[in-house]
Engineer: 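Questions regarding the structure given below will be posed in turn.
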2 protein chains.
Amino acid sequence: MQKYDSEPRLQHFIDTCRQHQLKITPQRVAIYRALMDSDQHPTADMMYQTVREEFPSISFDTVNRALLTFAGIGMVDVVEVFGGPKRFDPDIDDHHHLHCTACGRIIDFDHEGYSHLEVPAEIARQFKVISKRVVLKGLCATCAPER
Amino acid sequence: MQKYDSEPRLQHFIDTCRQHQLKITPQRVAIYRALMDSDQHPTADMMYQTVREEFPSISFDTVNRALLTFAGIGMVDVVEVFGGPKRFDPDIDDHHHLHCTACGRIIDFDHEGYSHLEVPAEIARQFKVISKRVVLKGLCATCAPER
DNA sequence: CTCTTAAATAAGAGTCATTCTTATTTGTCA
DNA sequence: TGACAAATAAGAATGACTCTTATTTAAGAG
């Protein structure tokens, strides 16, 4: 049923919840598991649709709140999308984004040249930078020919 | 009544509308004029409140649609704000973002070094890049001491 | 193992920012 | 001076949260 052994990550998730005095509920486990298994960057609604299959009685609010809670303790990343709903990213490592403005898809990419961006000195003085990301907006391969 | 001579910009606006087969309506002129006069990055609702003073019968939809139309022909820039309404910017230059993960604020900044980021060749082959932006996440001056 | 209690959940109402629909009005060009 | 496509006003509808309230439950205490 699962793509690969995700138990270590799940265990890490549980430990992190405990460290933050968050209760380990079956709903939260199902939500986190579904997020790990997703290859895209799902929206709260996409997550809701997925988790419902396993948990027919779960509410949208529970899914959304759980995702925001996970983001609050650094277990997932929230990606802002212009003109669209928030997307949640289970990968919290540094990486960059291609954002297709036609279909809304967000594609991760790594690029050595972007990994060592320097923070301008006057910014570093006033803002404690935790992560750096380059966002390229444009059209993905699927959407580009259409126009 | 006006802060400075904005007629040349207004004339440029009118010419650009004509080039795009857009009708020059008094509503659109009032909206563009108000946007030029605003020093912040107003939301559609802020613009609506301002333009209403001159045009009591204007509707929110007209203001919002006009702003989006102006954005469509490159006369204004739309700034995405995490968890908040769109903001419209009469300055269409590229800029970057500081995103405070504690308070959610987004602070614009310019940095010469970020303005010439190169797009990796293998990305450029599969994705038509329209804009590039660096997003720095972290803690702003107000939130940093708290932790 | 049972109790206690603060935290989490389900359901649904409410809110905010758009976005759409429809009837009416108005620039623009023949 | 029409004709007509485009734009507008008003209000309904939509999407994405966000809040409220009553109910249930995880997890530490005893």
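Computed from a predicted structure; not experimentally measured. The chains referred to below are lettered A, B, ... by the order of the sequence lines, with proteins before strands, and numbering in each begins at 1.
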Engineer: Would you kindly compare T69(A) and D45(B) by the position of their nearest DNA chain C nucleotide and give the one closer to the 5′ end?
Structural biologist: T69(A)
Engineer: Bend angle of the helix from dC1(C)-dG30(D) to dA30(C)-dT1(D) from five-pair axes at both ends, rounded to 10°?
Structural biologist: 30°
Engineer: Passes side chain to side chain donor-acceptor pair (under 3.5 Å), D108(B) versus H96(B)? Steps please.
Structural biologist: CA-CA 6 Å; D108(B) 286 355; H96(B) 306 282; over 6 Å; no
Engineer: Using the ring centroid of each side chain, check whether F13(B) and F70(B) are separated by less than 6.0 Å.
Structural biologist: yes
Engineer: What is the distance from OH of Y48(A) to C1' of dT9(C), rounded to the nearest Å?
Structural biologist: 13 Å
Engineer: What is the distance, rounded to the nearest whole Å, between atom CG of L67(A) and atom P of dC17(D)?
Structural biologist: 10 Å
Engineer: Heavy atom of residues 49-58 of chain A under 4.0 Å from DNA chain D: which residues?
Structural biologist: none
Engineer: Could you state the atom-to-atom distance from CZ of F60(B) to C1' of dT18(C) in whole Å?
Structural biologist: 6 Å
Engineer: Distance check needed: dA17(C) C1' versus R65(B) CZ, whole Å only.
Structural biologist: 16 Å
Engineer: How close or far is atom C1' of dT19(C) from atom NZ of K86(B), stated in whole angstroms?
Structural biologist: 10 Å
Engineer: Looking at the base of dC20(C), is there any donor atom on it, or on the side chain of D61(B), that sits under 3.5 Å from an acceptor on the other one?
Structural biologist: yes
Engineer: Pull out every residue in residues 12-32 of chain A that has a heavy atom closer than 4.0 Å to any atom of DNA chain D, ordered by number, or say none.
Structural biologist: K23(A), I24(A), P26(A)
Engineer: When the ring planes of H95(A) and H41(A) are compared, do they come out parallel, tilted or perpendicular, using 30° and 60° as the limits?
Structural biologist: tilted
Engineer: Return whichever of N64(A) or T62(B) has its heavy-atom-nearest nucleotide of DNA chain D closer to the 5' end.
Structural biologist: T62(B)
Engineer: Rounded to whole Å, how long is the line connecting atom CZ of F70(A) with atom C1' of dA8(C)?
Structural biologist: 12 Å
